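Worksheet: one structure, shown below.
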Amino acid sequence: MISKKWQKLINSLQYKKYRKEENLFLVEGVKSVLELIKSDFTIKKIFYTEIFEKKYTIPTSISSEMVSIEDLKGISFLENNQEVLAVVEQKSNKELVDYSNELLIALDNLQDPGNLGTIIRVADWYGIKKVICSRETVDFYNPKVIAASMGSFMRVEVFYADLNFFLKNAFEKGEDIYGTLLNGDNIYKTPLRKKGIVVMGNEAKGISEELLPYITQKITIPRVGGAESLNVGIATAVVIDNFFRN
C-alpha cells in the first residue's frame with residue numbers, strides 16, 4: 001500500500017508549481033525506467049508491481065517498493081501502466097554556451113507537451129544533442145512531455161532561455177539561423193548545412209515577430225495536398241530530415 005504522503009507527492013507532480021518546489025518529476029513505463037536506471041539522473045524512488053519484478057531487477061542502491069496494480073494505476077498518469085513508475089530529481093537548467101559546429105533546435109513558445117516530447121524524440125533520432133526553449137515553452141518535466149519523448153529526454157539536453165537574447169547573440173556571431181515560415185524558400189531546393197539553429201514557432205502563431213530579424217534563412221515545407229497546416233512535431237521531423245538528405 002502506497003503511503004498517503006507518497007500518493008499526495010506523486011499526484012502533485014502533475015503541476016509545474018509543485019514539480020518546481022519539490023525539484024522532482026515522474027518517469028513511467030518499462031522501457032523508460034530501465035533506461036533511467038542506467039542514466040545519470042538521480043532516482044528518488046521506484047514503485048513497481050509483481051509483473052515488473054518477475055522480469056527485471058532494480059539495483060539495491062535505488063529505493064524501491066512493490067505495489068499492487070491497482071495502487072500503481074491510482075498514481076499513474078498513463079492509461080495502461082501496470083508495471084513501474086519512478087520519482088526522479090530534476091537537473092538544474094544550465095546556460096547553453098557552446099553550440100558551434102552542430103545543429104540544434106530552438107522552440108518559440110510551444111504549448112503542447114506532446115509536441116515538445118515528440119521534438120525531443122526527433123532530435124534524438126537525428127543525433128541532435130541540444131534543444132533550446134523560450135521561457136514560455138511548456139515545461140520539459142511535464143509528465144506528458146516525458147512520456148512522448150519515449151526515453152529520449154535522457155539523451156537530449158533541453159535548455160530554457162530568453163530566446164530573443166539567445167538568437168541575437170547567435171546572429172551577431174554569424175551563426176546560420178533557419179526559420180520555418182510560410183513565405184520561406186522551398187526546403188527541398190534550399191542548400192542546408194548540418195550546423196546552425198532551426199527555429200520552430202508556436203502551434204498557432206508561428207515564430208514571434210521580435211525573432212524574425214535574426215532569421216538568416218527562411219524555409220518552408222511546400223504544401224502539395226489540401227491540409228491547412230502541419231502539426232509542429234511532424235513539421236520538425238520533416239525539416240530536420242532535410243538537413244540530412246545528402
Side-chain angles (χ1 to χ4, degrees), residues 91-113 115-140 145 149 152-153 155-223 229-246:
K91 292 182 178 180
S92 59
N93 184 50
K94 299 181 294 183
E95 181 182 358
L96 177 53
V97 178
D98 183 19
Y99 54 88
S100 57
N101 298 315
E102 62 181 309
L103 189 66
L104 62 88
I105 299 170
L107 304 177
D108 178 24
N109 195 20
L110 259 68
Q111 296 301 298
D112 187 283
N115 284 336
L116 178 54
T118 297
I119 290 170
I120 292 168
R121 192 176 178 187
V122 168
D124 188 26
W125 179 265
Y126 287 98
I128 295 172
K129 300 298 183 184
K130 299 180 179 71
V131 172
I132 184 162
C133 302
S134 66
R135 298 196 191 281
E136 298 76 25
T137 292
V138 62
D139 181 27
F140 169 65
V145 173
S149 79
S152 291
F153 75 91
R155 292 178 292 275
V156 177
E157 289 187 278
V158 177
F159 303 83
Y160 283 79
D162 180 333
L163 206 53
N164 195 331
F165 178 80
F166 176 80
L167 291 179
K168 180 176 184 292
N169 185 58
F171 179 81
E172 291 173 349
K173 288 181 177 179
E175 297 285 349
D176 293 324
I177 303 176
Y178 300 89
T180 50
L181 298 157
L182 290 176
N183 63 344
D185 296 326
N186 185 333
I187 192 170
Y188 303 126
K189 299 178 180 179
T190 302
L192 304 170
R193 298 200 298 164
K194 296 188 185 74
K195 58 174 290 187
I197 303 164
V198 179
V199 183
M200 304 300 298
N202 172 267
E203 290 90 342
K205 300 177 181 178
I207 297 174
S208 303
E209 286 286 333
E210 61 267 25
L211 301 182
L212 296 181
Y214 310 125
I215 303 298
T216 61
Q217 177 67 63
K218 296 178 180 180
I219 53 177
T220 193
I221 303 168
R223 181 174 62 177
S229 62
L230 280 178
N231 168 283
V232 68
I234 294 172
T236 302
V238 174
V239 168
I240 297 301
D241 183 70
N242 275 275
F243 280 83
F244 294 86
R245 66 190 177 204
N246 296 323

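Only this structure's heavy atoms are used, side chains among them; waters, hydrogens and symmetry mates stay out. Bear in mind that the values here come from a model prediction, so they are computed numbers and not experimental data.
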(Q) Let's go through Phe153 and Leu116 carefully: what are the C-alpha distance in whole Å and the side-chain angles of both, what is the deciding distance for side chain to side chain contact (heavy atoms under 4.5 Å, CB included) to 0.1 Å, and is it a yes or a no? (A) CA-CA 10 Å; Phe153 75 91; Leu116 178 54; over 6 Å; no
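- Atoms OG1 and CD1, from Thr236 and Ile120 in turn, are 11.0 Å apart once rounded to the nearest 0.5 Å.
- Side-chain contact between Val158 and Cys133 is present, with at least one heavy-atom pair separated by less than 4.5 Å.
- Between Phe243 and Tyr178, the ring planes are perpendicular. Angles over 60° get that label, and only those under 30° would be called parallel.
- Taken from CG in Leu181 to NZ in Lys218, the straight-line distance is 6.0 Å, to the nearest 0.5 Å.
- Partners of Lys130 according to the side chain to side chain contact (heavy atoms under 4.5 Å, CB included) rule, which considers only residues two or more places apart in sequence or in another chain, are Leu96, Glu102, Leu104, Glu157, Phe159.
- To the nearest 0.5 Å, the span separating CG on Leu167 from CD1 on Ile177 amounts to 5.0 Å.
- The two residues Ala235 and Leu230 have their closest heavy-atom pair at CB-CB, 4.2 Å.
- For the atom pair Ile132 CD1 and Glu95 CD, the distance stands at 9.0 Å (nearest 0.5 Å).
- Asn169 is not listed as a side-chain neighbour of Tyr214, based on a closest heavy-atom distance of 4.5 Å or more.
- In this structure, Ile221 CD1 and Ser229 OG are separated by 11.0 Å, a value rounded to the nearest 0.5 Å.
- Partners of Phe140 by ring-ring contact (aromatic ring centres under 6.0 Å, His included), not counting sequence neighbours: none found.
- More than 12 heavy-atom neighbours from other residues, nucleotides or ligands sit within 6.0 angstrom of NZ on Lys91.
- In this structure, Leu192 and Ile187 have side chains that are in contact, with non-hydrogen atoms separated by less than 4.5 Å.
- Every residue meeting the ring-ring contact (aromatic ring centres under 6.0 Å, His included) condition with Tyr126, not counting sequence neighbours, appears here in chain and number order: Phe244.
- Nearest approach of Asn231 to Gly233, heavy atoms of both residues: OD1-N, 2.6 Å.
- Shortest non-hydrogen contact noted between Gly179 and Ile215 is N-CG2, 3.5 Å.
- What you find for Ala106 and Ile197 is that their closest heavy atoms are CB-CG2, 3.7 Å.
- Considering only residues two or more places apart in sequence or on other chains, Tyr160 meets the ring-ring contact (aromatic ring centres under 6.0 Å, His included) condition with none of them.
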Just list the side-chain donor-acceptor pairs under 3.5 Å for residues 199-209, sequence neighbours left out, or say none.
| residue | atom | partner | partner atom | Å |
| --- | --- | --- | --- | --- |
| Asn202 | OD1 | Ala204 | N | 2.8 |
| Asn202 | OD1 | Lys205 | N | 2.9 |
| Asn202 | ND2 | Asn109 | O | 2.7 |
| Glu203 | OE1 | Gln111 | N | 3.1 |
| Glu203 | OE2 | Gln111 | N | 3.1 |
| Glu203 | OE2 | Asp112 | N | 2.9 |
| Glu203 | OE2 | Asn115 | ND2 | 3.0 |
| Ser208 | OG | Asp108 | OD1 | 3.3 |
| Ser208 | OG | Asp108 | OD2 | 2.7 |

Q) Please walk me through it: do Asn164 and Leu211 pass side chain to side chain contact (heavy atoms under 4.5 Å, CB included)? A) CA-CA 6 Å; Asn164 195 331; Leu211 301 182; 4.1 Å; yes
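- Taking every heavy atom of both residues into account, Ile219 and Thr190 meet most closely at CG2-CG2, 4.3 Å.
- By the salt bridge (Lys or Arg N to Asp or Glu O under 4.0 Å) test, Arg135 is found to be paired with no residue, residues two or more places apart in sequence or in another chain being considered.
- Under the 4.5 Å side-chain criterion, counting only non-hydrogen atoms from C-beta, Trp125 is not in contact with Ile240.
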Q.
Checking Leu163 against Glu136 for the side chain to side chain contact (heavy atoms under 4.5 Å, CB included) test, could you report, in this order, the C-alpha distance in whole Å, the side-chain angles of both residues, the deciding distance, and whether it holds?
A. CA-CA 10 Å; Leu163 206 53; Glu136 298 76 25; over 6 Å; no
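- Considering CD1 of Ile128 and CG of Leu103, their distance stands at 4.5 Å, rounded to 0.5 Å.
- Nearest heavy-atom pair, Ala123 versus Val131, reported as atom, atom and distance to 0.1 Å: CB-CG2, 4.1 Å.
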